[in-house]
Amino acid sequence: MGHSHCSSACRFRFCALAFKAAVLIQRWYRRYVARLEMRRRCTWRIFQSIEYACEQDQIKLHNFFSYLMDRFTPSSSKERKLPHAFCRYAELEKYCDYESMEVPDSYVGPRLSFPLLPDHATALLEAFKQKQQLHARYVLNLLHETRKHLKQLPNISHVSTCYSEEVTVCGDLHGQLDDLFLIFYKNGLPSPSKTYVFNGDFVDRGKQSLEILIVLFTFLLVYPNEVHLNRGNHEDHMVNLRYGFTKEVMQKYKVHGRKILKMIQNVFCWLPLATLIDEKVLIIHGGISDTTDLDMLEKIQRHKFISVLRGKKRKESNRNVEIQEINGEDKAQASPAEQDGAASACPQSRAAQAPSMANRLEFSRWVRQTVQEQIERCRRLVDVSESEEEELTYSSLVSMTDLDAPESFRSLQILDILWSDPMPQEGCRENTVRGGGCYFGPDVTEKILKKYSLQFLIRSHECKQEGYEFCHNRKVLTIFSASNYYEIGSNRGAYVKLGPDLVPHFVQYQANKTAHTLTMTQRISRVEESAFRALREKLFAHTSALSSAFKAYDKEGRITLSTWATAVESVLRLGLPWRMLRPQLVRSAADGTLEYQSWLEDLAMEQRSREHIQSGLLEVIYRNRSNLETIFRIIDRDHSGLISFEEFHQTWKLFSSHMNIELTDDGISDLVRSIDFNKDGNIDFNEFLEAFRLVKQSTPAARAKPPRSHDANRI
Amino acid sequence: MAEKEGGGEDNTVAEIEKKITEAFEVFDHECNQTVDVREIGSIVRSLGCYPTEAQLHELLAEVEEEEPTGYIHLQKFLPVMTRVLVERSYQPTPEDVLLHAFEALDVNKCGYLTKEELVKYMTEEGEPFTQEEMEDMLSAALDPETNTMRYKDYITLMIVDDV
């Protein structure tokens with residue numbers, strides 16, 4: 001650079017100036033980076049808190065239905081059957097008639113023949129890369145063979161590093177086929193010299209869950225000694241109803257989807273629960289608890305636990321569980337109840353009071369009544385104050401039913417394995433965030449490791465920014481293989497390799513080309529935008545509650561920003577750093593106060609512009625949409641996406657007692673009459689949502705402006 | 001956060017303390033009111049301050065334990081940081097001063113710095129960048145075709161992003 005002819009004084013001046021300039025720039029830059037870091041972490045927190053809050057809803061909903069299920073069925077714990085509305089009995093022979101399925105000549109996808117060969121596996125990978133779909137016949141055949149194979153496997157797979165030098169362990173994939181492709185690309189396909197352990201959660205959320213299952217099951221059958229699968233909490237048909245897998249299958253296989261789902265449900269039950277490497281490293285999907293008993297786990301009849309998502313109330317002090325047995329489906333007892341809803345659904349003692357399912361109105365009234373009675377009974381027995389009513393409605397009710405203690409303890413073992421999370425504090429307590437399993441501390445880890453002479457645990461279940469994370473003094477390793485899980489650029493995926501020395505080596509990746517070419521700022525902004533959109537949706541869904549909360553502090557329609565933060569947390573309870581997030585959510589006046597009503601209206605406008613539906617109504621739909629959808633899917637037992645009028649009626653009754661929304665029988669009939677647009681005698685989910693809108697529009701008050709709190713309840 | 005702290009009630013000490021606590025807790029992984037000492041810089045800066053590294057070290061000296069453990073407790077951090085915010089220490093540099101700084105380094109007055117110049121100044125002058133910091137800045141600032149940084153554009157870009 002010029003100026004070499006400068007006098008030394010000049011040069012000296014320049015040096016001093018350069019120094020100052022540099023400090024200034026560096027100081028400024030560091031501040032900018034720190035701000036980015038804060039934003040990144042806040043964004044992360046937002047996604048996590050929303051994700052887990054949803055899981056809570058799922059549990060509540062499920063507990064409620066579990067309770068109802070048991071009220072209709074025989075009280076004998078040995079013969080517990082699922083009532084027709086909620087059961088899906090597998091007469092598996094029926095679903096294994098793939099042999100009669102014709103594959104047309106026009107089909108260009110891969111054709112499988114059994115026993116499978118490595119070529120089949122590679123052909124499948126190629127086909128999926130080209131976005132082809134495997135014919136239903138082969139899917140069913142594959143599932144059938146997979147089930148046959150899994151049945152002879154023990155609950156805990158034992159893997160040794162002396163046969164294959166290295167073992168590769170992958171975590172959650174959640175339907176993200178691109179990540180699986182990346183793993184195979186970087187690490188190689190499974191083979192006699194390449195052992196893989198896939199640690200659960202293959203399905204849900206991502207759009208290619210079925211393809212992942214097909215690929216994994218194929219490799220499992222081709223290389224049975226080298227491929228090991230652990231069950232995750234998402235390998236569960238009840239969870240799939242909510243988190244997208246059921247929907248995916250039905251969309252991809254319109255004719256045979258039902259059969260496929262049925263088969264998969266059964267295959268999931270036969271997945272092993274854990275893997276042990278060299279008897280020293282335990283791999284489970286979720287975690288452990290202080291009562292984890294590997295000997296018992298080895299002996300359990302794992303396939304009996306179809307859906308481990310059941311109500312249970314665990315006391316903190318002694319883990320004396322009052323949980324109800326999980327229904328077994330070992331014998332395909334074709335329940336006539338399923339077919340015609342006759343009184344045979346409730347042949348024994350207490351169910352004598354249940355009216356026939358055929359008489360819907362009476363039945364729904366009975367349901368309401370029974371639920372109320374149970375709540376009363378619980379209150380009397382437990383003598384609980386008003387404030388705990390919410391909890392009572394679900395978990396405690398379930399726990400009041402008759403139990404077979406050893407059975408319940410066994411199911412608890414599996415629940416813990418699939419759902420638990422590690423925590424930094426010592427001890428072991430109920431995992432209230434997820435609603436299943438527990439939080440286990442470093443002392444629990446230490447205890448279990450010592451008890452079984454293990455070196456460390458590998459688990460998955462939680463998304464980690466870098467794809468993996470150690471905790472509990474490096475005794476617990478979380479491995480998560482779904483990159484960009486929340487949003488493009490949100491996190492890396494990773495897999496871990498273990499050799500005979502059992503020292504973990506990690507490989508990280510991010511399955512999206514654009515994620516690499518974006519700058520750090522752009523990546524963070526993009527993910528952040530997504531997080532805030534989700535957060536604003538959630539805020540909007542609670543408009544009425546927020547409005548009430550703000551009013552309590554109101555002075556002429558304004559509140560301070562500090563108040564805003566406190567109020568929002570009290571309503572949403574997400575545990576987020578609201579003051580840090582505020583600049584992205586709220587614009588305040590110069591004096592630092594907020595006109596909350598117009599803020600709420602702005603939120604509504606944003607949602608409205610996306611859906612063109614009236615806002616007050618929209619709020620209720622949003623808050624309850626996933627619940628509604630889940631309920632619908634349960635009732636829609638043939639997964640046709642359509643339900644009959646009677647079923648709709650029933651749904652509405654259940655929903656209204658669950659959500660405390662009032663609607664008279666006449667109101668329901670009016671609704672029903674108006675919503676079947678194409679008059680085909682059936683209602684699909686979209687028609688139902690439209691129905692909300694129509695009911696709203698037909699009430700005169702609909703045209704008036706807020707207060708929204710009234711409108712929401714008037715539905 | 002280049003926000004104006006002009007609100008009446010928002011400037012109370014109580015509100016400031018809440019803000020600090022929130023920011024602190026974002027980095028508190030073990031939920032036990034401590035953070036890794038290496039994160040203090042991020043926390044202080046994300047609360048709107050622009051300390052130099054030297055100033056940061058001074059602050060650290062005040063909040064560390066007598067026997068440094070590698071962790072900082074909220075109890076010690078809170079009063080010190082509250083004072084920093086109340087007294088508005090470590091104020092931000094205005095945009096135009098930053099521009100002058102770049103211009104001072106741009107001896108040829110061409111409106112840009114070459115990659116070599118930028119690297120030289122940032123890693124040899126002032127409070128030098130680490131390699132990671134340098135790479136990060138280059139990835140965002142450098143025009144890959146000309147290998148130069150048009151600093152005026154860069155400043156604008158950064159300010160827009162910095163809500």
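In this text, all values refer to a predicted model and were calculated from it rather than measured experimentally.
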(request) Go through the side-chain N and O atoms of Glu15(B) and Ser562(A) and say whether any donor and acceptor fall under 3.5 Å apart. (result)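 Glu15(B) vs Ser562(A): donor-acceptor pair found between side chains.
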
(message) Salt bridge or not between Glu39(B) and Arg41(A)? Use side-chain N to carboxylate O under 4.0 Å.
(response)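 Result for this pair is yes, salt bridge flagged.
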
(message) Between Arg30(A) and Glu53(B) (salt bridge meaning N to carboxylate O under 4.0 Å), is one present in this structure?
(response)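 Judged by the 4.0 Å cut-off on N to carboxylate O distance, Arg30(A) and Glu53(B) do form a salt bridge.
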
(request) Would you mind listing every salt bridge (Lys or Arg N to Asp or Glu O under 4.0 Å) that reaches into residues 60-71 of chain B, with sequence neighbours excluded? (result) Glu62(B)-Arg83(B), Glu66(B)-Lys76(B)

(request) Hey, could you give me each pair passing salt bridge (Lys or Arg N to Asp or Glu O under 4.0 Å) that has a residue in residues 469-478 of chain A? Not counting sequence neighbours. (result) Glu446(A)-Lys475(A), Lys464(A)-Glu469(A)

Do side-chain atoms of [X] reach the backbone of [Y] as a donor and acceptor pair under 3.5 angstrom?
| X | Y | value |
| --- | --- | --- |
| Glu22(B) | Arg579(A) | yes |
| Gln26(A) | Thr52(B) | no |
| Glu25(B) | Pro577(A) | no |

(message) With a 4.5 angstrom heavy-atom cut-off, is it the side chain or the backbone of Val44(B) that approaches chain A, or both, or neither?
(response) neither

(message) Given heavy-atom pairs under 4.5 angstrom as the criterion, report whether the side chain, backbone, both or neither of Phe102(B) touches chain A.
(response) both

(request) For the residue pair Phe129(B) and Tyr29(A), categorise the inter-ring angle as parallel (less than 30°), tilted (30 to 60°) or perpendicular (more than 60°). (result) tilted

(message) Using a 4.5 angstrom heavy-atom cutoff, name the option from Glu127(B), His100(B), Glu124(B) with the most pairs to chain A.
(response) Glu127(B)

(request) Taking the side chain as every heavy atom from C-beta outward, state whether Glu37(A) and Phe27(B) have any pair of such atoms under 4.5 Å apart. (result)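 When only atoms from C-beta onward are counted, Phe27(B) and Glu37(A) do touch, with a gap below 4.5 Å.
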
